[in-house]
Novice: 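Submitted below is the structure of interest, expressed as C-alpha cells.
Just so you know, ligand 1 is whichever comes first in the structure, and atom 1 is the first atom listed for that ligand. Since the model is a prediction, treat every value here as computed from it, not as a measurement.
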Amino acid sequence: MKPLITEKNIRRRIRRLAIEIVNEMGRGEETAVIALLDGSFMFLADLIRELYQLDFPLTVNFIGVSSYQGNTRSSGRLSWYRRPPLSAAERRVLLVDDILDTGLTLNGVQQHLLRQNPTVLKTCVLLKKSKTRSFDNRVDFTGFTIPDVFVAGYGLDMNGRYRELPYIAAMTES
Ligand code: IMP
Ligand code: MG
C-alpha cells in the first residue's frame, strides 16, 4: 500500500500542530481534550505527548459517535455509543477528530458541546478532505488537507482494518 502521508511527515506535522495549539490556547488553565473514537486514537496519543513536551496542562476523555454504518459512505445519521463523560460547562475544551469528511459528525458533536457553554471550544482534526461541505464546521487546527479520497491507516479504518498502519494510505474502492 502506497503512503499518502508518511510516518515521518505525520510526526513532523503533529509537532508543529502542538505548538500552534499552545500558542493559541495558552498554558494557563487545564484543557479538557475530548477525542472522538475510534479513528482518532493514534493521532490523540501522539498529539498529547507533544503537548506534554510543551507543558500544556490537560485531561483526556473520549466520545463514541458515528455517522458511518460500516461502509465508505456517510449514512447521514449520528449515533452515540459513548456519550461525553464530563460536562463541557465552564471548561476549556479541545475537540480532537481524525478526519473531516462531510462534517456531519463533528458538527453534531460541536453543537452538543456548545449547548453546555464551555469557556472555549477549539477543534483539531488530523485530516481534512478538500471538498465543499453542507455543514459549516469550525475547525481551528488542521494537520493536512488531502484529496477527496477514502484513506486508512494511522488509526483510521476501512471496515475495521488497517488502523495499525503507521502511515496514511489512499484506498481504492472496489
Ligand atoms: P463525516 O461526518 O463525514 O465528516 O465523517 C467523519 C467520520 O467518518 C470520521 O471521523 C471518520 O471516522 C470517518 N471517515 C470519513 N472519511 C474517512 C476516510 O477516508 N477513511 C476512514 N474514515 C473516514
Ligand atoms: Mg471518526
Novice: Take every heavy atom of A152, measure it against each atom of ligand 1, and state whether any distance is under 4.0 Å.
Specialist: no
Novice: For residues W80 and I63, determine if any side-chain heavy atom of one lies less than 4.5 Å from a side-chain heavy atom of the other.
Specialist: yes
Novice: If we count only N and O atoms by modelled type, under 3.5 Å, do the side chains of Y154 and D46 hold a donor and an acceptor together?
Specialist: yes
Novice: For atom 21 (C) of ligand 1, which candidate among I168, V151, L126 provides the closest heavy atom?
Specialist: V151
Novice: List ligand 1 atoms under 4.0 Å from T102, heavy atoms only on the residue side.
Specialist: 1 (P), 2 (O), 3 (O), 4 (O)
Novice: Can you tell me how far the NE2 atom of H112 sits from the CG atom of N107, to the nearest 0.5 Å?
Specialist: 13.5 Å
Novice: Which one holds for D97 and ligand 1: side chain close, backbone close, both close, or neither close, with close meaning a heavy atom under 4.0 Å?
Specialist: side chain
Novice: Please determine whether a side-chain nitrogen of the Lys or Arg among R15 and E50 lies less than 4.0 Å from a carboxylate oxygen of the Asp or Glu.
Specialist: yes
Novice: Distance under 4.0 Å to a non-hydrogen atom of I99: what atoms of ligand 1 satisfy this?
Specialist: 6 (C), 9 (C), 10 (O), 11 (C), 14 (N), 15 (C), 16 (N), 17 (C), 19 (O), 23 (C)
Novice: Mind checking side-chain hydrogen bond (donor to acceptor under 3.5 Å, both in side chains) for R13 and listing every partner two or more places apart, or none if nothing turns up?
Specialist: E20
Novice: Does L54 belong to the same Ile/Leu/Val/Met/Phe/Trp/Tyr cluster as I48, with side-chain heavy atoms less than 4.5 Å apart forming each link?
Specialist: yes
Novice: Does the distance from a Lys or Arg side-chain N to an Asp or Glu carboxylate O, for R92 and E30, drop under 4.0 Å?
Specialist: no
Novice: Please could you name the atoms of ligand 1 that D157 approaches to less than 4.0 Å, counting only its heavy atoms?
Specialist: 21 (C)
Novice: Quick check: does G103 get an N/O under 3.5 Å from an N/O on ligand 1?
Specialist: yes
Novice: Classify the contact between D98 and ligand 1 as side chain, backbone, both or neither, using a heavy-atom distance cut-off of under 4.0 Å.
Specialist: side chain
Novice: Applying a heavy-atom cut-off of 4.0 Å, say which part of K129 lies close to ligand 1: side chain, backbone, both or neither.
Specialist: side chain
Novice: Measuring from the heavy atoms of L106, does anything fall under 4.0 Å of ligand 1?
Specialist: no
Novice: Please list, in number order, the atoms of ligand 1 under 4.0 Å from a heavy atom of V149.
Specialist: 19 (O)
Novice: So that I can tick it off, tell me whether D101 and K131 are bridged by a salt bridge, with the cut-off set at under 4.0 angstrom between side-chain N and carboxylate O.
Specialist: yes
Novice: Under 4.0 Å, counting heavy atoms only: does L127 come that close to any atom of ligand 1?
Specialist: no
